[in-house]
Chemist: 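I am attaching a structure below and will ask some questions about it afterwards.
Note that the structure is a prediction, hence the values are computed from the model and not measured. The first residue of the sequence shown is numbered 1, and numbering continues consecutively from there.
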Amino acid sequence: MGMLAGTRTGLVDVASGAVVAYAGRDVSAMDGDWVVLDGREVHDRAGAAPAALVMPPDGDRVLCVAGRPDGTAWAGTAGAHIFRAGRSVSRVESFDSVDGRNDWYTPWGGPPDVRSMAVSSDGTALANVHVGGIVRSTDDGASWHPTIDIHADVHQVLAVPGGRALAACAVGLATSDDDGATWSLHDDGLHATYARSVALAGDTVLLGVSAGPGGGGAVVYRRPLGEEVPFERCRFGLPDDLGGNIDTAWLVGAPDGTAAFVTAAGDVFDSDDEGVTWERAAAGLAGVRALDLG
């Protein structure tokens with residue numbers, strides 16, 4: 001499988017270890033052809049002339065990006081703001097007045113962030129606030145509405161086919177069958193509930209779980225999408241100890257059933273059978289920020 005890693009020193013081809021773009025730049029977030037550089041610039045790699053869309057100089061760092069069906073993208077920032085990136089960059093003012101915003105928090109007392117974003121095929125936008133739950137827009141960002149309880153402590157949100165959505169939370173996996181309007185929680189079969197990452201490989205949900213914020217005992221689990229069955233630990237081809245956390249954007253999947261993840265030590269594992277078996281694709285890859293199966 002073709003696999004790219006956004007790292008602190010450029011966009012890297014995992015198989016060869018070679019930097020293929022943005023040498024010397026921090027590729028801090030990715031979504032398809034959209035990449036974020038140094039937390040300040042948003043690029044569309046597929047554009048005929050992918051010029052940088054530079055964030056306002058007084059703005060917060062960009063933490064995530066999500067491509068939209070119309071060829072533009074949402075960019076979520078530290079301080080919990082959202083920008084629209086297209087021909088230019090503009091702040092989405094409506095997000096700054098969403099109901100419940102005053103209740104958002106972080107355990108360490110700092111300002112909350114937009115940690116991840118996702119967009120469904122019909123354009124519904126989901127913004128994962130840490131810590132502030134998942135905020136949803138169905139009208140192109142004109143208005144935003146809270147959904148899941150903010151204390152679920154969401155770390156990643158993902159839109160998947162069929163009007164479904166998934167979220168990795170401190171209390172396990174959250175799933176939605178109505179494009180993120182309502183959510184249910186699942187932890188049956190998990191050794192711990194602290195999840196930092198989620199992906200869909202074919203028809204299988206993959207979930208990265210550890211003992212807690214400090215990591216330890218990290219495990220990747222699998223479970224069929226839409227089925228009420230316990231999670232199954234991914235074992236074949238994997239070491240018993242995966243180290244710290246499998247962090248947000250470190251676990252990815254594709255419709256053809258391929259999947260990959262990276263550990264805190266920079267070891268990359270991939271699978272071509274929806275996470276049943278795994279092989280080591282790279283070892284000690286430094287400074288990985290995000291993976292993409294391209």
Chemist: Are any side-chain N or O atoms of Arg223 and backbone N or O atoms of Val229, one a donor and one an acceptor, separated by less than 3.5 Å?
Modeler: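 Indeed, once roles are kept as given, a pair shorter than 3.5 Å links the two residues.
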
Chemist: Closest approach of Ala142 and Ser94, non-hydrogen atoms and distance?
Modeler: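 Nearest pair, atom of Ala142 first, then Ser94: O-CB, 3.3 Å.
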
Chemist: Do Gln156 and Trp250 pass the side-chain contact (heavy atoms from CB on, under 4.5 Å) test, and can you show the C-alpha distance, the side-chain angles, and the key distance before you say yes or no?
Modeler: CA-CA 11 Å; Gln156 184 176 358; Trp250 288 11; over 6 Å; no

Chemist: Using a 4.5 Å cut-off on heavy atoms from C-beta on, say whether the side chain of Phe83 contacts that of Val92.
Modeler: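 No - every pair of side-chain heavy atoms lies 4.5 Å or more apart.
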
Chemist: Any idea which heavy atoms bring Gly86 and Leu53 closest together, and the distance?
Modeler: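 Of all heavy-atom pairs spanning Gly86 and Leu53, the closest is O-CD1, 3.2 Å.
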
Chemist: With rounding to the nearest 0.5 Å, note down the distance linking CG in Asp188 to CD in Glu228.
Modeler: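 Rounded to the nearest 0.5 Å, the CG-CD separation comes out at 9.0 Å.
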
Chemist: Take Arg25 and Arg8, measure what side-chain contact (heavy atoms from CB on, under 4.5 Å) needs, and give me the verdict at the end.
Modeler: CA-CA 6 Å; Arg25 306 291 299 275; Arg8 296 183 185 277; over 6 Å; no

Chemist: Could you check whether any side-chain heavy atom of Val198 comes within less than 4.5 Å of a side-chain heavy atom of Val205, counting everything from C-beta outward?
Modeler: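 When only atoms from C-beta onward are counted, Val205 and Val198 do touch, with a gap below 4.5 Å.
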
Chemist: Determine the minimum heavy-atom distance between Val157 and Ile134, stating which atoms define it.
Modeler: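 Smallest interatomic distance, heavy atoms only, reads CG2-CD1, 4.0 Å.
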
Chemist: Are any side-chain N or O atoms of Tyr105 and backbone N or O atoms of Pro111, one a donor and one an acceptor, separated by less than 3.5 Å?
Modeler: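 Answer holds: no.
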
Chemist: Check Asp247 with Arg115, please: is the shortest side-chain N to carboxylate O separation under 4.0 Å?
Modeler: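 Salt bridge: yes.
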
Chemist: Would you say the side-chain atoms of His81 pair up with the backbone N or O of Ala75, donor to acceptor, closer than 3.5 Å?
Modeler: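 No; zero donor-acceptor contacts below 3.5 Å.
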
Chemist: Backbone N or O of Ala152 within a donor-acceptor pair of the Asp149 side chain at under 3.5 Å?
Modeler: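 Checked: no pair found.
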
Chemist: Between the side chains of Thr258 and Asp256, does any donor sit under 3.5 Å from an acceptor?
Modeler: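 Note: Thr258 and Asp256 side chains meet the donor-acceptor criterion.
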
Chemist: Quick one: do Arg84 and Asp70 make a salt bridge, cutoff under 4.0 Å?
Modeler: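 No, no charged N to carboxylate O under 4.0 Å.
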
Chemist: Within the 4.5 Å heavy-atom criterion, are Leu63 and Val114 side-chain neighbours or not?
Modeler: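 Of all side-chain heavy-atom pairs linking Val114 with Leu63, none is under 4.5 Å.
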
Chemist: For the CE atom of Met3 and the CG atom of Asp292, what is their distance to the nearest 0.5 Å?
Modeler: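 Here the rounded value is 10.0 Å.
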
Chemist: Looking only at heavy atoms, what is the nearest atom pair of Gly172 and Leu190, with distance?
Modeler: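 Where Gly172 meets Leu190 most closely, the heavy atoms are CA-CD1, 4.3 Å.
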
Chemist: Quick check for you: to the nearest 0.5 Å, what is the distance between Leu158 atom CG and Asn128 atom CG?
Modeler: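 Reported to 0.5 Å precision, the distance equals 11.0 Å.
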
Chemist: For the residue pair Gly253 and Ala199, what are the closest heavy atoms and their distance?
Modeler: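 The pair with the smallest heavy-atom distance is N-CB, 3.6 Å.
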
Chemist: A side-chain contact here means heavy atoms from C-beta on lying under 4.5 Å apart; do Thr263 and Phe269 qualify?
Modeler: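 A side-chain contact under 4.5 Å exists here.
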
Chemist: Is the backbone of Ala46 close enough, under 3.5 Å, to the side chain of Asp44 for a donor and an acceptor to pair up by distance?
Modeler: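 Yes: the side chain of Asp44 pairs with the backbone of Ala46.
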
Chemist: Applying side-chain contact (heavy atoms from CB on, under 4.5 Å), run through Arg136 and Trp144 and close with a yes or a no.
Modeler: CA-CA 5 Å; Arg136 180 176 185 260; Trp144 298 82; 5.9 Å; no

Chemist: Using the rule given for side-chain hydrogen bond (donor to acceptor under 3.5 Å, both in side chains), can you reason through Thr193 versus Asp187, listing the C-alpha separation, both sets of side-chain angles and the distance that settles it, and then say yes or no?
Modeler: CA-CA 6 Å; Thr193 63; Asp187 62 7; 5.9 Å; no

Chemist: Distance-only, no hydrogens or angles: does the Asp270 side chain make a donor-acceptor pair with backbone N or O of Trp278 under 3.5 Å?
Modeler: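 No, the answer is negative, given that no donor and acceptor are paired below the 3.5 Å cut-off.
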
Chemist: Leu285 vs Val12, test: side-chain contact (heavy atoms from CB on, under 4.5 Å). Steps then yes/no.
Modeler: CA-CA 9 Å; Leu285 189 62; Val12 172; 4.1 Å; yes

Chemist: With salt bridge (charged side-chain N to carboxylate O under 4.0 Å, His left out) as the criterion, how do Asp140 and Arg68 come out once you've worked through the C-alpha distance, each side chain's angles and the decisive distance to 0.1 Å?
Modeler: CA-CA 10 Å; Asp140 198 35; Arg68 291 157 35 92; 2.8 Å; yes

Chemist: Within the 3.5 Å criterion, strictly below it, is a donor on His130 or Asp153 matched to an acceptor on the partner's side chain?
Modeler: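 Looking only at side-chain atoms, Asp153 and His130 do form a donor-acceptor pair, the distance falling under 3.5 Å.
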
Chemist: Verify the distance criterion only: is there a donor paired with an acceptor across the side chains of Thr175 and His186 at less than 3.5 Å?
Modeler: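 Side chains of Thr175 and His186: pair found under 3.5 Å.
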
Chemist: For residues 231-241, please give each side-chain donor-acceptor pair under 3.5 Å, one per line with the distance, not counting sequence neighbours.
Modeler:
| residue | atom | partner | partner atom | Å |
| --- | --- | --- | --- | --- |
| Glu232 | OE1 | Arg222 | NH1 | 3.4 |
| Arg233 | NH2 | Asp240 | O | 3.0 |
| Asp241 | OD1 | Gly243 | N | 2.8 |

Chemist: Going by atom types only, do Tyr194 and Arg196 share a side-chain donor-acceptor pair under 3.5 Å?
Modeler: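 Result is yes, a qualifying pair exists.
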
Chemist: Quick test of your reading of the model: are Asp96 and Arg91 salt-bridged, counting only N-O distances below 4.0 Å?
Modeler: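 Judged by the 4.0 Å cut-off on N to carboxylate O distance, Asp96 and Arg91 do form a salt bridge.
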
Chemist: Specify the closest pair of heavy atoms between Ser176 and Ala181, including all atoms of both residues, with the distance to one decimal.
Modeler: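 Of all heavy-atom pairs spanning Ser176 and Ala181, the closest is OG-N, 3.8 Å.
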
Chemist: Working to the nearest 0.5 Å, report the span between OG1 of Thr147 and CG of Asp179.
Modeler: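 Rounded to the nearest 0.5 Å, the OG1-CG separation comes out at 11.5 Å.
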
Chemist: Rounded at 0.5 Å granularity, tell me how far CH2 in Trp183 sits from CG in Leu173.
Modeler: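 Nearest 0.5 Å value for the CH2-CG distance: 9.0 Å.
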
Chemist: For Phe95 and Trp104, take the angle between the two ring planes, folded into 0 to 90°, and tell me which bin it lands in: parallel under 30, tilted 30 to 60, perpendicular over 60.
Modeler: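 Phe95 vs Trp104 ring planes: tilted.
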
Chemist: Measuring from Thr138:OG1 to Asp122:CG, what's the distance to the nearest 0.5 Å?
Modeler: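 Those atoms lie 8.5 Å apart.
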
Chemist: Does the pair Asp26 and Ser28 meet the rule for a side-chain hydrogen bond (donor to acceptor under 3.5 Å, both in side chains), with working shown?
Modeler: CA-CA 5 Å; Asp26 180 359; Ser28 52; 4.8 Å; no

Chemist: Please examine the side chains of Trp74 and Val65, heavy atoms only from C-beta on, and report whether any two atoms are closer than 4.5 Å.
Modeler: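 They are not in contact (no side-chain heavy atoms under 4.5 Å apart), so the answer is no.
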
Chemist: Quick one: does Ser197's side chain have a donor or acceptor within less than 3.5 Å of a partner on Ala249's backbone?
Modeler: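 No, Ser197 side chain to Ala249 backbone: no donor-acceptor pair under 3.5 Å.
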
